[in-house]
Amino acid sequence: MYRLALTGVAIGPAFLAALLPAPAIGVPIALAIGGMGSLYALMTSLRGRKARPRPAGPVLLRRASLRRRDNTLPSTTDQRLALADALAAAVDLRAEPEAPPTRETAIARILGRILDSWKVTDLAELPPDLTIALTQLERLLKADPGEAGRIAQMFQRPDVVLSLRDEIEKIAEARATYDRAFAAFQATRLMYAASPKPGNLTEALQSLGTVDRDLWHRIVLEHDPTDPAQRSAALWCVSQPECDRATVAAYLSSLPEEAQLQNAEIDGDLGFLGQVRRIIDNCNAGIYRKQELAYSPDSGSAAALARELDGLAVLNREPRWPDPQCLFVLYEGRDPRPRPAWDIALGRLVAAPNRADYL
């Protein structure tokens with residue numbers, strides 16, 4: 001999944017090899033190469049000009065940026081100390097061996113490569129202009145989009161440094177996705193070993209204490225709406241703001257099956273109806289912001305739900321509910337990962353989780 005961050009990055013083989021620390025060559029470390037591609041493009045574009053003596057200012061920043069000192073910068077000494085702290089993150093000793101790099105680790109490797117290109121081994125000897133260049137680059141790579149755009153104008157190639165920041169964002173998101181998956185695996189493993197077990201599926205989901213969107217998606221797709229415990233668990237999943245938009249769309253598209261809304265009205269199940277109405281309102285209000293999973297609704301699902309809402313309005317003689325806008329979207333993303341250790345009908349774990357199903 002996270003290797004997509006490398007798409008479209010052209011890096012020379014020798015440069016690629018130089019990026020990988022000897023004891024850490026492997027697939028996970030390769031993720032940081034995406035950001036290095038823009039770095040390489042930046043350095044190459046600047047070096048490709050006519051040969052001439054190196055200017056007094058750094059190759060990264062525009063000369064005007066050095067003449068107009070940024071008053072938000074600390075002293076040169078404090079900048080060097082901050083850069084030393086940033087460079088210390090080049091190796092993440094706490095990470096699992098296969099974990100993608102963190103944002104901090106990727107930035108540290110980029111800064112280290114620039115220092116290598118300048119043949120600087122001691123930050124105390126780094127000239128003030130080069131110190132400013134590295135400080136501004138580090139700030140840009142960590143800044144929000146608006147601030148990053150402002151800082152980028154100080155560089156000779158704003159487009160390249162902003163592209164570099166975009167790649168750092170992809171790396172950071174890949175690490176966040178990995179951390180969520182690892183947390184879900186650990187929580188599931190601990191639950192399987194714990195005693196006593198949760199009483200039902202909803203209690204089990206709450207006891208996990210972490211987000212597992214793949215499990216939530218499976219529950220929504222496979223639950224039996226005529227089983228109160230399974231229906232309650234599916235509702236719990238799609239009521240979470242962290243739920244994937246694809247999962248919410250899949251749940252809403254299943255409501256016409258067994259005429260769930262109309263039957264709930266006939267049975268006087270106002271609690272269920274109230275929860276579904278909140279899900280639709282949350283969907284239309286943009287509460288669900290996460291979208292990792294792929295989902296393609298059936299061609300007739302929107303029309304079927306519209307008929308179900310029409311029927312509900314006739315039964316309760318109240319204003320018709322709004323159509324959920326999230327149902328009319330094709331969601332592109334990854335396939336959900338399996339969660340075979342869970343038995344949805346029994347409402348519990350029946351086996352220890354398999355690490356490969358999560359990571």
Side-chain angles (χ1 to χ4, degrees), residues 1-3 24 26-29 31 91-105 171-248 250-251 275 288-295 333-359:
M1 173 63 182
Y2 58 73
R3 296 185 191 126
V27 172
I29 302 301
L31 178 63
V91 178
D92 185 1
L93 298 176
R94 299 171 299 173
E96 292 289 306
E98 71 274 19
T102 63
R103 179 194 303 272
E104 291 74 19
T105 297
I171 291 170
E173 180 55 34
R175 178 55 182 265
T177 300
Y178 176 91
D179 287 343
R180 284 193 300 270
F182 185 75
F185 168 71
Q186 290 285 65
T188 308
R189 186 175 61 85
L190 292 174
M191 176 177 287
Y192 183 72
S195 181
K197 307 296 184 185
N200 55 53
L201 187 54
T202 302
E203 290 182 7
L205 293 170
Q206 294 170 338
S207 299
L208 274 179
T210 188
V211 173
D212 189 347
R213 296 191 183 101
D214 295 271
L215 174 59
W216 297 355
H217 196 76
R218 184 191 164 200
I219 290 172
V220 164
L221 291 182
E222 299 181 13
H223 82 283
D224 179 359
T226 65
D227 182 316
Q230 294 184 50
R231 187 182 78 165
S232 176
L235 267 174
W236 185 91
C237 292
V238 293
S239 296
Q240 307 308 304
E242 298 86 0
C243 188
D244 196 285
R245 289 200 294 261
T247 305
V248 176
Y251 177 81
Q275 291 184 73
Y288 304 105
R289 299 183 178 277
K290 303 298 182 182
Q291 204 267 299
E292 297 177 6
L293 306 180
Y295 177 70
R334 63 174 176 83
D335 292 333
R337 298 187 182 95
R339 293 293 186 263
W342 289 87
D343 188 308
I344 307 303
L346 294 179
R348 59 183 175 86
L349 278 167
V350 294
N354 185 351
R355 184 186 180 98
D357 292 334
Y358 291 79
L359 303 171

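Only this structure's heavy atoms are used, side chains among them; waters, hydrogens and symmetry mates stay out.
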Legend entry - From CG (Asn354) to CG (Leu359), nearest 0.5 Å: 10.0 Å

Inset, instruction - Please round to the nearest 0.5 Å and tell me the distance separating atom SG of Cys237 and atom CG of Leu215. - result: 6.5 Å

Inset, instruction - Please name all residues satisfying side chain to side chain donor-acceptor pair (under 3.5 Å) with Gln275, sequence neighbours left out, ordered by chain then number. - result: none

Inset, instruction - Report the residues that fulfil side chain to side chain donor-acceptor pair (under 3.5 Å) with Asp244, sequence neighbours left out, ordered by chain and then residue number. - result: none

Legend entry - Residue pair Met191 / Pro353, side-chain heavy-atom distance below 4.5 Å: no

Legend entry - Gln291 (side chain) donor-acceptor with Leu293 (main chain) under 3.5 angstrom: yes

Legend entry - Test side chain to side chain donor-acceptor pair (under 3.5 Å) applied to Ser239 - qualifying residues, sequence neighbours left out: none

Inset, instruction - Return the minimal non-hydrogen interatomic distance between Ala351 and Ala341, and the atom names on each side. - result: O-CB, 3.4 Å

Legend entry - Partner set under salt bridge (Lys or Arg N to Asp or Glu O under 4.0 Å) for Arg180, not counting sequence neighbours: Glu173, Glu292

Inset, instruction - For residues Pro100 and Ala174, report the shortest heavy-atom separation together with the two atoms involved. - result: CG-O, 4.0 Å

Inset, instruction - Using side chain to side chain donor-acceptor pair (under 3.5 Å) as the criterion, list what pairs up with Arg348, not counting sequence neighbours. - result: none

Legend entry - Nearest-0.5 Å distance, CG of residue Leu190 to OG1 of residue Thr210: 11.0 Å

Legend entry - Side chain to side chain, Phe182 and Glu98, heavy atoms closer than 4.5 Å: no

Inset, instruction - Report the residues that fulfil salt bridge (Lys or Arg N to Asp or Glu O under 4.0 Å) with Glu96, sequence neighbours left out, ordered by chain and then residue number. - result: Arg355

Legend entry - For Arg189, all residues meeting salt bridge (Lys or Arg N to Asp or Glu O under 4.0 Å), sequence neighbours excluded: none

Legend entry - Results of ring pair (Phe, Tyr, Trp, His ring centres under 6.0 Å) for Trp342 - residues two or more places apart only: none

Legend entry - Nearest heavy atoms of Ser207 and Pro198, plus distance in Å: OG-CG, 4.1 Å

Inset, instruction - Using salt bridge (Lys or Arg N to Asp or Glu O under 4.0 Å) as the criterion, list what pairs up with Asp212, not counting sequence neighbours. - result: Arg339

Inset, instruction - Considering non-hydrogen atoms only, spot the tightest contact between Gly333 and Ala294 and give its length. - result: O-CB, 3.4 Å

Legend entry - Residue pair Tyr288 / Cys243: nearest heavy atoms and the distance that separates them: CD2-O, 3.9 Å

Legend entry - Nearest-0.5 Å distance that lies between atom OG1 in Thr188 and atom CG in Leu208: 5.0 Å

Inset, instruction - Starting at CG of Leu205, measure out to CD1 of Ile219 and round the result to the nearest 0.5 Å. - result: 4.5 Å

Legend entry - Gln230 (side chain) donor-acceptor with Asp224 (main chain) under 3.5 angstrom: yes

Legend entry - Tyr295 (side chain) donor-acceptor with Val248 (main chain) under 3.5 angstrom: no

Legend entry - Close side-chain approach of Thr247 to Gln240, heavy-atom, < 4.5 Å: no

Inset, instruction - Before accepting this row, confirm whether a basic side-chain N of the pair Arg218/Asp214 lies closer than 4.0 Å to the acidic partner's carboxylate O. - result: no

Legend entry - Donor-acceptor contact below 3.5 Å, side chain Lys290 vs main chain Pro241: no

Legend entry - Counterpart residues, ring pair (Phe, Tyr, Trp, His ring centres under 6.0 Å), relative to Phe185 (two or more places apart): Tyr358

Legend entry - Qualifying residues under side chain to side chain contact (heavy atoms under 4.5 Å, CB included), relative to Ala194, sequence neighbours excluded: none

Legend entry - Atom pair CG (Asp179) and CD (Gln186), whose distance is rounded to the nearest 0.5 Å: 11.5 Å

Legend entry - Residue list, side chain to side chain contact (heavy atoms under 4.5 Å, CB included) with Pro340, at least two apart or on another chain: Pro338, Asp357

